[in-house]
Amino acid sequence: MSRWYEPHEQWPRHPKQWWRETVDLARGAGWHLQTVDGHTWGRLVCDPAMDRPCKVVIFSSGLGGESAALTARRTVSRCDHHRAIEAGQILFKAGALLDRAEALLEAASRLLQAADKKAEAEELLLYAATAADEADKLAQALASEEDSDRLVVEAFAVLPEGQQLGCPPAAEEVEVLVLDASAHADEAEQLAHNLSAGSSDEALRSRIEQVRARVTDLSGRLERGWNADGP
C-alpha cells in the first residue's frame, strides 16, 4: 500500500539517520514523498505533476545505504525545477509552523484536562458526606489525580523542542502555548498567500483553519477558568 505526502504534511520517520537527512533535505526543498511496502521504503519526487520530474528511491535497509543516501542528496540538490522547489519550500515552512502549532495546542489541551481532573478530585473530597461516601469519593479522587498526573506527563512529551514549562505549569504558561500556536498559524497564512491556487493551497489553508478553531476552543476554556493550584 502506497501513500503520497506533500511538503507541508508530517512525513514518516526513516529508521536510518543517513536516509533521514536525505528525506529532510528533500522535504525542505519542496519535494514529495511516496511510501511503499517492501524493501523499498519509498521514493522522493520533486514535482509529481511534471512529465519528467527528478526522482530518488529510498531503501529500507541493506548494504551501501549511506552511500546511496549521499548520492540521493546530490540529486535533490541538483534539481533545477525551481518553480516546484519554491512552492514546495513555502509548503514545507508553513507545514513546519503548523506542526509546531499543533504540538503546542496538544500540550495545552492535555494541561487543561489535567487541571479539570485535579479540580474534580478536590471537589469529590470536599463534598464527601459520610464515611462510606468518603471512601468511595476518595477512590474516585485518587483515580482523577492519577489521570491528572498522566496528562501532565503527556503534555511535556508532546511539547515542541525549545518550549519550556514550569512544574507544575501555571495558567499563564498554558496561555502562552495557545498564543504561540496562534502566531505560528498567522505566519503560515502569510506564507500561503504566496502560493498559487491549487489542491496544495487548499489543503494548507484547511489545516490553518483547523489550528485556528482549536486555538479558539482552548482560549475559551482558559477564559472559563483554571484550577488555582494548577495541574
*Go through the steps to decide whether Cys54 and Arg78 satisfy the test side-chain contact (heavy atoms from CB on, under 4.5 Å), and finish with yes or no.*
CA-CA 9 Å; Cys54 296; Arg78 291 171 182 168; over 6 Å; no
_Please evaluate residues Leu33 and Val45 with respect to the criterion side-chain contact (heavy atoms from CB on, under 4.5 Å), reporting the C-alpha separation (whole Å), side-chain torsions for both, the decisive distance (0.1 Å), and the verdict._
CA-CA 6 Å; Leu33 169 68; Val45 181; over 6 Å; no
_Residue pair Gln210 / Leu98, side-chain heavy-atom distance below 4.5 Å_ = no
*Between Thr40 and Ser60, does a side-chain contact (heavy atoms from CB on, under 4.5 Å) hold up when you go through it step by step?*
CA-CA 6 Å; Thr40 301; Ser60 300; over 6 Å; no
*Minimum heavy-atom distance Pro7-Gly30, with the two atoms named*: CG-O, 3.4 Å
*Shared hydrophobic cluster for Val57 and Val76 (ILVMFWY, side-chain gaps under 4.5 Å)*: yes
*Which heavy-atom pair separates Pro15 from Trp41 by the least distance, and what is that distance?*
CD-NE1, 4.3 Å
_From NZ (Lys93) to CG (Leu91), nearest 0.5 Å_ = 11.5 Å
*Straight-line distance of Trp31 CH2 to Lys55 NZ, nearest 0.5 Å*: 11.0 Å
*Is there a path from Phe156 to Val158 through hydrophobic residues (I, L, V, M, F, W, Y) whose side chains come within less than 4.5 Å of each other?*
no
*asked:* Minimum heavy-atom separation for Gln34 and Ser2, please, with both atom names.
replied: NE2-OG, 3.6 Å
*Taking the six-membered ring for Trp, are His14 and Trp19 parallel (under 30°), tilted (30 to 60°) or perpendicular (over 60°)?*
tilted
*Step by step, work out the salt bridge (charged side-chain N to carboxylate O under 4.0 Å, His left out) result for Arg214 and Glu106.*
CA-CA 9 Å; Arg214 200 165 186 196; Glu106 186 61 30; 2.8 Å; yes
*Distance in Å, Arg52 CZ paired with Cys46 SG, rounded so as to fall on 0.5 Å steps*: 13.0 Å
*asked:* Does any part of the side chain of Leu105, heavy atoms only, come nearer than 4.5 Å to the side chain of Val211, both counted from C-beta?
replied: yes
*Test item: Glu189 and Arg212 side chains (from C-beta on) under 4.5 Å apart, heavy atoms*: yes
*Please report the closest heavy-atom contact between Val56 and Ala72, naming both atoms and the distance.*
CG1-CB, 3.2 Å
*asked:* For residues Leu25 and Phe92: do they belong to one hydrophobic cluster (side chain heavy atoms under 4.5 Å, members Ile, Leu, Val, Met, Phe, Trp, Tyr)?
replied: no
*For Ala171 and Leu222, work out which heavy atoms get closest and say how close.*
O-CD2, 4.2 Å
*So, Glu202 versus Ser206: side-chain donor-acceptor pair below 3.5 Å or not?*
no
*Minimum side-chain heavy-atom gap Leu104-Pro160 below 4.5 Å*: yes
*Spacing of Arg224 atom CZ and Asp116 atom CG [to the nearest 0.5 Å]*: 9.5 Å
*Spacing of Leu218 atom CG and Leu111 atom CG [to the nearest 0.5 Å]*: 10.5 Å
*So, Thr35 versus Arg3: side-chain donor-acceptor pair below 3.5 Å or not?*
no
_Closest approach of Leu204 to Ala192 (non-hydrogen atoms, all atoms of both residues)_ = CD2-CB, 3.8 Å
_If hydrophobic clusters are built from ILVMFWY residues whose side chains come within less than 4.5 Å, do Leu112 and Leu177 share one?_
yes
_If the test is side chain to side chain contact (heavy atoms under 4.5 Å, CB included), which one of Val178, Asp180, Val174 qualifies with Val176?_
Asp180
*Between atom OG1 of Thr22 and atom CD of Glu66, what is the distance when rounded to the nearest 0.5 Å?*
9.5 Å
_Taking side chain to side chain contact (heavy atoms under 4.5 Å, CB included) as the criterion, tell me which of His184, Glu9, Arg207 meets it with Asp99._
Arg207
*Under the side-chain contact (heavy atoms from CB on, under 4.5 Å) rule, what do Trp18 and Leu70 come out as? Steps first, then yes or no, please.*
CA-CA 8 Å; Trp18 48 82; Leu70 183 60; over 6 Å; no
